[in-house]
Structures are given as structure tokens and as C-alpha cells.
2 protein chains.
Amino acid sequence: MEHYRDIGFKLTPQRIAILDFLEGHKGHPTAEDVYKAVVKRFPTMSFATVYNTLQALKERGRVAELSIDPGKRRFDPGREPHHHLVCTGCRRIVDIHRSYKLPVSEKERAGFDITGNHVEFHGRCPSCKKKLLSAV
Amino acid sequence: MEHYRDIGFKLTPQRIAILDFLEGHKGHPTAEDVYKAVVKRFPTMSFATVYNTLQALKERGRVAELSIDPGKRRFDPGREPHHHLVCTGCRRIVDIHRSYKLPVSEKERAGFDITGNHVEFHGRCPSCKKKLLSAV
DNA sequence: TAACTACATGATAATGATTACAGACTAAAT
DNA sequence: ATTTAGTCTGTAATCATTATCATGTAGTTA
């Protein structure tokens, strides 16, 4: 954890608590998830600090920001890569643990360095399939 | 356009204007983009109508909702499938026109009917690469 | 170790997108 | 023409996120 200092990231007690939470997290927490977990240890914790810290970590490539949830940001502590299958009806999310090698031509990449990919599969979950049928 | 009636979608003048806009749109418009375009023809158009209509179209599979833009919903009239390369620094978006066949096992799909996929590539655009170097 | 400085914290206010509401309206069916 | 279920619109409410700024402190330097 000490190496954070080397990348211009001051280690405050609040930040260490946030890092602890992220390290032990399997899912895709929102800022609110982080806040709720950390406020137990730091009753004075504010959302601003959570957002600032997540932003700082993101800039340093320590967490990824997901956008599977419209209108809400989700962060991924980023261990094994995984993808998501989202129900277009109810937004239920299922993880797909698998990785894909996706070719992108030199021309398409437009000078970008590609660091990763994330696939969002769309579909209908079993219960929304039923609803759709009965609606028609 | 008449077929919309058959799927329980009433064709009001406002909705026709929205559909016209979407049909001629190449990109990934936000609700605001739709509103701005349609309010010219319907000065009384309200955001609520735009959201309602987009929601109704989405439920009927006529537009897809993207979530490449955190904190803002984007819609895709959905013609040829394409993917997105997003700069993790400045959020610039480049379209990748290509389609991928991505296998998902029976077990992974958890009973879902998969209707499509969308890949979000992450990377650094040329100008953000430079910034990063000079910052260290 | 003390003092310094740049950066972090946190309470609050502000913003911006989206949703909720409710009364008036209207498309489409009969 | 009548009916009715669904739609429209202005407004208010909500929710996530960002901005502000005075205060505090991590990490550096003397």
C-alpha cells in the first residue's frame, strides 16, 4: 500500500479505509456503497471525500469506472476481468467471467493505447421474458 | 411507421417528430439532444415527453440505451452495430464499426435471451498520453 | 523534531439530469 | 360521435454528483 505515496497519492486514514473496502470487494460498488461502508469507521466521512478519492484512484489507474448503470457511477477495484449481462427489462446484472481478445485495427484505434475492454451483453432475463409475452 | 400502433404505441405528432429525429441521427443522442431538435417544431414540448417516449421506445426494443456517458443517458437509434473506444482521461469517444461474435456458455447466460452486445474499449487518447507523461 | 506547504477533509450549497405528479388533452377503437 | 386508455405538459421533487472554502494534516525539508 505504501507505493501509493510514490504516485502522488497521500495516504490519509480515510483513504486507507476506502482502499481497504475496495480491496475486499467483489462487485461493482457505487460511491454510496463506499460511503456507507466507510462511514462506520469515520462518522465524519463525507461524500465529497469518497468522490475525490475515487477520482484520484481512477486517474492513477487503480480503479476502473464502469458505466453499466445509467445515472449512477460504479467502480471496479479491478481484479480478474469480467463482463456483464444486463436485462433490458429490469436491469438485473449477471457477471460473465471470461475474457475476450477483441481485435481493433490500427486505423480504428485512432492513436489510442487500448488498455482493456468491457462487454455489456443485452438480453431478457427469464422473468422479463414472461412479462413481455403476457403484455402482448 | 404505422407498425408502431400495433405494438401499443400511439402515434402522436410529438412522437412522430421524435421518431423522425432519431431516424436521421447517426450518433448517440442524449435526451437533451432530442429535446432541442424537437422543440423547434413543438415549442411546448417538455422533457417529460422526451423521456416518456424514449422509455416507451426502449421497452419495445426500438432504441437502445447506452451508458458510455456517466451521469447522462444516451440513446442509440440502432442501425448498424458499433462499439466505442473511450479515453479514460478526457472521455473522448471513438466509434468502432465492427461486430464481434462473442461466445457465452449456457451456464453463464443464466436463462437470459441474449439480444446483442456492446463493447466499451478503454484507453488513452494521444493527447492524454502526453499529459500523463508530463505529469509524472 | 519543528515548521512548512501542498494537498485532503468535510459541511454545505449548487448544479444537472431524471422522475413524479396531476389536470387537461387526444389517438384510436367502437 | 362517444368513450377510454394512454399521452402531454408545466412544475415540483428527487437523486447523484460537483463546487466551495475554511480548517486540518501528510509528507517534506530544514
Side-chain angles (χ1 to χ4, degrees), chain A residues 1-19 21 28-60 62-63 65-75 90-91 135-136, chain B residues 1-19 21 28-60 62-63 65-75 90-91 135-136:
Chain A
M1 188 170 280
E2 301 305 315
H3 79 279
Y4 281 104
R5 271 191 269 269
D6 303 335
I7 54 174
F9 184 83
K10 280 189 190 172
L11 283 174
T12 66
Q14 291 90 335
R15 286 180 166 194
I16 290 169
I18 291 174
L19 288 169
F21 171 75
H28 337 95
T30 61
E32 191 186 1
D33 295 331
V34 177
Y35 173 79
K36 277 184 181 163
V38 180
V39 78
K40 289 173 196 163
R41 264 210 258 168
F42 287 89
T44 62
M45 172 69 57
S46 88
F47 265 99
T49 298
V50 173
Y51 280 111
N52 286 342
T53 301
L54 288 171
Q55 176 65 25
L57 289 171
K58 204 182 76 179
E59 278 167 6
R60 291 166 176 80
R62 289 308 188 283
V63 302
E65 180 176 349
L66 300 180
S67 46
I68 44 178
D69 197 347
K72 200 177 276 185
R73 297 190 172 188
R74 288 185 176 276
F75 296 86
C90 64
R91 296 236 141 247
V136 177
Chain B
M1 186 169 284
E2 301 308 315
H3 80 281
Y4 281 104
R5 272 190 267 269
D6 303 336
I7 54 173
F9 184 83
K10 280 190 189 169
L11 282 174
T12 67
Q14 292 89 337
R15 288 181 164 191
I16 290 170
I18 291 173
L19 288 169
F21 172 75
H28 334 97
T30 61
E32 190 187 2
D33 295 332
V34 177
Y35 174 79
K36 278 185 182 164
V38 181
V39 78
K40 288 173 196 162
R41 263 210 257 167
F42 286 89
T44 63
M45 172 68 57
S46 88
F47 263 100
T49 297
V50 173
Y51 279 111
N52 286 341
T53 301
L54 288 171
Q55 176 65 22
L57 289 171
K58 202 182 77 181
E59 277 167 7
R60 291 166 176 79
R62 289 308 188 283
V63 302
E65 179 176 352
L66 300 180
S67 47
I68 44 179
D69 196 345
K72 199 179 276 185
R73 297 190 171 187
R74 287 183 176 276
F75 297 85
C90 64
R91 296 236 143 246
V136 178

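As a basis for the values below, the full set of heavy atoms in this structure was taken, side chains included, without hydrogen atoms, waters or symmetry mates. The sequence lines fix the lettering, A, B, ..., with proteins before strands; numbering per chain opens at 1.
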Visitor: Rounded to the nearest angstrom, tell me the gap between atom CG in Leu54(B) and atom P in dA17(C).
Guide: 15 Å
Visitor: Can you pull out every side-chain hydrogen bond (donor to acceptor under 3.5 Å, both in side chains) where at least one residue sits in residues 34-45 of chain A? Sequence neighbours excluded, please.
Guide: Asp20(A)-Arg41(A), Glu32(A)-Lys36(A)
Visitor: Do you know the tightest heavy-atom contact between Val34(A) and Pro29(A)?
Guide: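 The answer is CG2-CB, 4.3 Å.
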Visitor: Identify the two heavy atoms, one from Val50(B) and one from Ala31(B), that lie closest to each other, and give their separation to 0.1 Å.
Guide: CG1-O, 3.7 Å
Visitor: Without decimals, in angstroms, what is the distance between Asn52(B) CG and dC21(C) P?
Guide: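 Rounding to the nearest Å, CG of Asn52(B) and P of dC21(C) are 13 Å apart.
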Visitor: 5' to 3' on DNA chain D, which nucleotides open and close the contacts with chain B (atom under 4.0 Å from a heavy atom)?
Guide: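 Here the contact window of chain B covers dA5(D) to dG10(D).
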Visitor: Base contacts versus sugar-phosphate-only contacts with protein, heavy atoms under 4.0 Å: please encode nucleotides 22-30 of chain C as B, S and - from 5' to 3'.
Guide: -----BS--
Visitor: List the residues meeting salt bridge (charged side-chain N to carboxylate O under 4.0 Å, His left out) with Asp69(B), not counting sequence neighbours, and say none if there are none.
Guide: Arg74(B)
Visitor: For residues 45-55 of chain A, which residue pairs pass the side-chain hydrogen bond (donor to acceptor under 3.5 Å, both in side chains) check, not counting sequence neighbours?
Guide: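 Those involving residues 45-55 of chain A are Gln55(A)-Glu59(A).
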Visitor: Using five base pairs at each end to define the local axes, how bent is the helix from dT1(C)-dA30(D) to dT30(C)-dA1(D), to the nearest 10°?
Guide: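 Rounded value for the end-axis angle: 40°.
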Visitor: Does Gln14(A) put a side-chain nitrogen or oxygen below 4.0 Å from OP1 or OP2 of dG10(C)?
Guide: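 For dG10(C), OP1 or OP2 has a side-chain N or O of Gln14(A) closer than 4.0 Å.
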Visitor: Please state how far atom CD in Glu32(B) lies from atom C1' in dT18(C), giving the value in whole angstrom units.
Guide: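 So the two atoms are 12 Å apart, to the nearest Å.
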Visitor: Where along residues 37-47 of chain B does a heavy atom come under 4.0 Å from DNA chain D, residue by residue in number order?
Guide: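 Only Thr44(B), Met45(B), Ser46(B) qualify.
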Visitor: How many Å lie between CD on Glu65(B) and C1' on dT19(C), as a whole number?
Guide: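 So the two atoms are 14 Å apart, to the nearest Å.
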Visitor: Between atom NZ in Lys72(B) and atom P in dT15(C), what is the gap in whole Å?
Guide: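 It works out to 16 Å between those atoms.
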Visitor: List for me each residue that meets salt bridge (charged side-chain N to carboxylate O under 4.0 Å, His left out) alongside Arg5(A), sequence neighbours excluded, and say none if there are none.
Guide: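 For Arg5(A) the salt bridge (charged side-chain N to carboxylate O under 4.0 Å, His left out) partners, ignoring immediate neighbours, are Glu2(A).
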Visitor: Tell me whether the side-chain N/O atoms of Thr49(A) come closer than 4.0 Å to OP1 or OP2 in dG10(C).
Guide: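 Yes, because at least one side-chain N or O of Thr49(A) sits under 4.0 Å from OP1 or OP2 of dG10(C).
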Visitor: What's the separation between atom OG1 in Thr30(B) and atom CG in Asp33(B), rounded to the nearest 0.5 Å?
Guide: 3.0 Å
Visitor: For Arg73(A), what residues pass the side-chain contact (heavy atoms from CB on, under 4.5 Å) criterion, not counting sequence neighbours?
Guide: Glu65(A), Phe75(A), Pro70(B)
Visitor: What residue pairs, at least two apart or across chains, pass salt bridge (Lys or Arg N to Asp or Glu O under 4.0 Å) with a residue in residues 42-57 of chain B?
Guide: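 Qualifying pairs, neighbours excluded: none.
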Visitor: Cut-off 3.5 Å, no hydrogens considered: what does the side-chain donor-acceptor table look like for residues 8-15 of chain A, sequence neighbours left out?
Guide:
{"unit_1": "Thr12(A)", "atom_1": "OG1", "unit_2": "Arg15(A)", "atom_2": "N", "d": "3.2"}
{"unit_1": "Arg15(A)", "atom_1": "NH1", "unit_2": "Lys10(A)", "atom_2": "O", "d": "3.1"}

Visitor: Quick one: closest heavy-atom pair of Arg60(B) and Ile7(B), and the distance?
Guide: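 That would be NE-O, 2.8 Å.
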Visitor: I need the CG-P distance between Asp33(B) and dG16(C), as an integer number of Å.
Guide: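 After rounding, the reported distance stands at 16 Å.
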